[in-house]
Student: 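Pasting in a structure now, in structure tokens, and then I'll have a few things to ask.
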There are 2 protein chains.
Amino acid sequence: MLEEKVEAVSALLKSISHPTRLMILCQLQDGAKTVGELQQVLQTTQANVSQHLTILRSQGVVSSRKEANFIYNRIGDQRVLTLINTLQDLFCQ
Amino acid sequence: MLEEKVEAVSALLKSISHPTRLMILCQLQDGAKTVGELQQVLQTTQANVSQHLTILRSQGVVSSRKEANFIYNRIGDQRVLTLINTLQDLFCQ
DNA sequence: TAAGAATTATAGTATATTCTAATATAATTA
DNA sequence: TAATTATATTAGAATATACTATAATTCTTA
């Protein structure tokens, strides 16, 4: 029954199947964060965070709003939040 | 809280984030299937199915038993089955 | 034990992804 | 308006992945 949606669902999964991007989503579970905040937690470069956010946005997984010269990023799809919660339930006790 | 397991979980997600591999898992939801049966449903080459199964086995997502000269493949982790069910609930109504 | 069927493995090319470094844009503040 | 801060974009090299074709295994059965 998933068959018709297989392309879309696998594209979404692919977008979250990277350690940095999965980590970003974990960070966004409890609210929006700026690029700089994510960079600090993830211990990587600004360009890296920005590029991964672009990938997540392209799938609608993350949505962003600009405020002054900060960009606040949050999980952009309730179903993705549910999915992340499920992953934690299943694979993190 | 996922943070410590991020590498493992993203590797697992990556292994199922391909249309053919996701389709294989959907096919295995209701029981074991041989490579030939999968090939027929997926409309691709034998080598292709075999390679994708190798990737799924490497993550423990699929396990296989040989019987005569057929190899029966099934979902090898109860949590993966739960995950597939969740994906269907969320993204296929 | 030889032939045939089913499955797995390997090689090579094409494509995609990731990371780093450098540059660009946009808003703020001095 | 110049300098600063935050973020985005681009280019290029390194690595990874996917697919096709082909060879190699393994098992059955004649």
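Chain identifiers are assigned alphabetically (A, B, ...) following the order of the sequence lines, protein sequences preceding nucleic acid strands; residue numbering begins at 1 within each chain. It should be emphasised that the depicted structure is a prediction, and the values quoted were computed from it without experimental measurement.
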Student: OP1 or OP2 of C:dT17 versus the side-chain N and O atoms of A:Lys14: is any pair under 4.0 Å?
Tutor: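 True: A:Lys14 side-chain N/O within range (under 4.0 Å) of C:dT17 OP1/OP2.
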Student: Might you point out which heavy atoms bring A:Thr44 and A:Gln39 nearest each other, and give the distance in Å?
Tutor: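 The answer is O-CG, 3.1 Å.
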Student: Under 4.5 Å between side-chain heavy atoms, counting indirect links through other Ile/Leu/Val/Met/Phe/Trp/Tyr residues: same cluster for B:Leu56 and B:Leu42 or not?
Tutor: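 Same hydrophobic cluster.
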Student: Given the rule in the side chain to side chain contact (heavy atoms under 4.5 Å, CB included) test, do A:Arg74 and A:Val62 qualify, once you have shown the distances and angles that lead to the verdict?
Tutor: CA-CA 6 Å; A:Arg74 60 180 179 77; A:Val62 162; over 6 Å; no
Student: For a quick test of your reading: what N or O donor-acceptor pairs under 3.5 Å do the side chains of residues 8-16 of chain A make, sequence neighbours left out?
Tutor:
unit_1  : atom_1 : unit_2  : atom_2 : d
A:Ser10 : OG     : A:Val6  : O      : 2.8
A:Ser10 : OG     : A:Glu7  : O      : 3.1
A:Ser15 : OG     : A:Leu12 : O      : 2.7

Student: Starting from P on C:dA5, measure out to CD1 on B:Ile71 and report it in whole angstrom.
Tutor: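 One finds 18 Å between P of C:dA5 and CD1 of B:Ile71, rounded.
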Student: Hey, does B:Thr44 reach any base, or is it just sugar-phosphate, or nothing, if we go heavy atoms under 4.0 Å?
Tutor: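 The answer is nothing, as B:Thr44 stays clear of every strand by at least 4.0 Å.
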Student: Between C:dT7 atom P and B:Asn48 atom CG, what is the distance in whole Å?
Tutor: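 Distance, rounded to whole Å: 15 Å.
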Student: Any idea which heavy atoms bring B:Asn85 and B:Gln29 closest together, and the distance?
Tutor: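 Minimum heavy-atom contact is OD1-NE2, 2.9 Å.
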Student: In whole Å, what is the span from the CD atom of B:Glu67 to the P atom of C:dA5?
Tutor: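 Whole-Å distance recorded here is 21 Å.
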Student: On DNA chain C, nearest-nucleotide positions of A:Lys66 versus A:Arg21: which is more 5'?
Tutor: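 It is A:Arg21, whose closest nucleotide lies nearer the 5' terminus.
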Student: Less than 4.0 angstrom between a side-chain N/O of A:His52 and OP1 or OP2 of C:dC19, yes or no?
Tutor: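 Affirmative; the distance criterion is met.
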Student: Could you check A:Ala47 against B:Ile55 and say which one's nearest nucleotide on DNA chain D is further toward the 5' end?
Tutor: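 By nearest-heavy-atom nucleotide position, the 5'-most residue is A:Ala47.
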Student: Going only through I, L, V, M, F, W and Y residues with side-chain contacts under 4.5 Å, is there a path from A:Ile71 to A:Val49?
Tutor: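 The answer is no; the residues belong to distinct hydrophobic clusters.
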Student: Does A:Asn69 or B:Leu53 map to a spot on DNA chain C nearer the 5' end, using the closest nucleotide for each?
Tutor: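 Result: B:Leu53.
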Student: Please report the shortest heavy-atom distance between B:Lys5 and A:Phe91, naming the atom on each side.
Tutor: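 Taking B:Lys5 first and A:Phe91 second, the nearest heavy atoms are CD-O, 3.4 Å.
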Student: Can you tell me which nucleotide in C:dA27, C:dT20, C:dA9 comes closest to the side chain of A:Gln51?
Tutor: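 Closest nucleotide among those given: C:dT20.
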Student: In whole angstrom, give the distance that lies between atom CD of A:Gln46 and atom C1' of C:dA22.
Tutor: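 Interatomic distance, CD of A:Gln46 to C1' of C:dA22: 12 Å.
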Student: With a 4.0 angstrom cut-off to heavy atoms of chain B, pull out the first and last contacting nucleotide of DNA chain D, in 5'-to-3' order.
Tutor: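 Range of nucleotides touched by chain B: D:dA16 to D:dT28.
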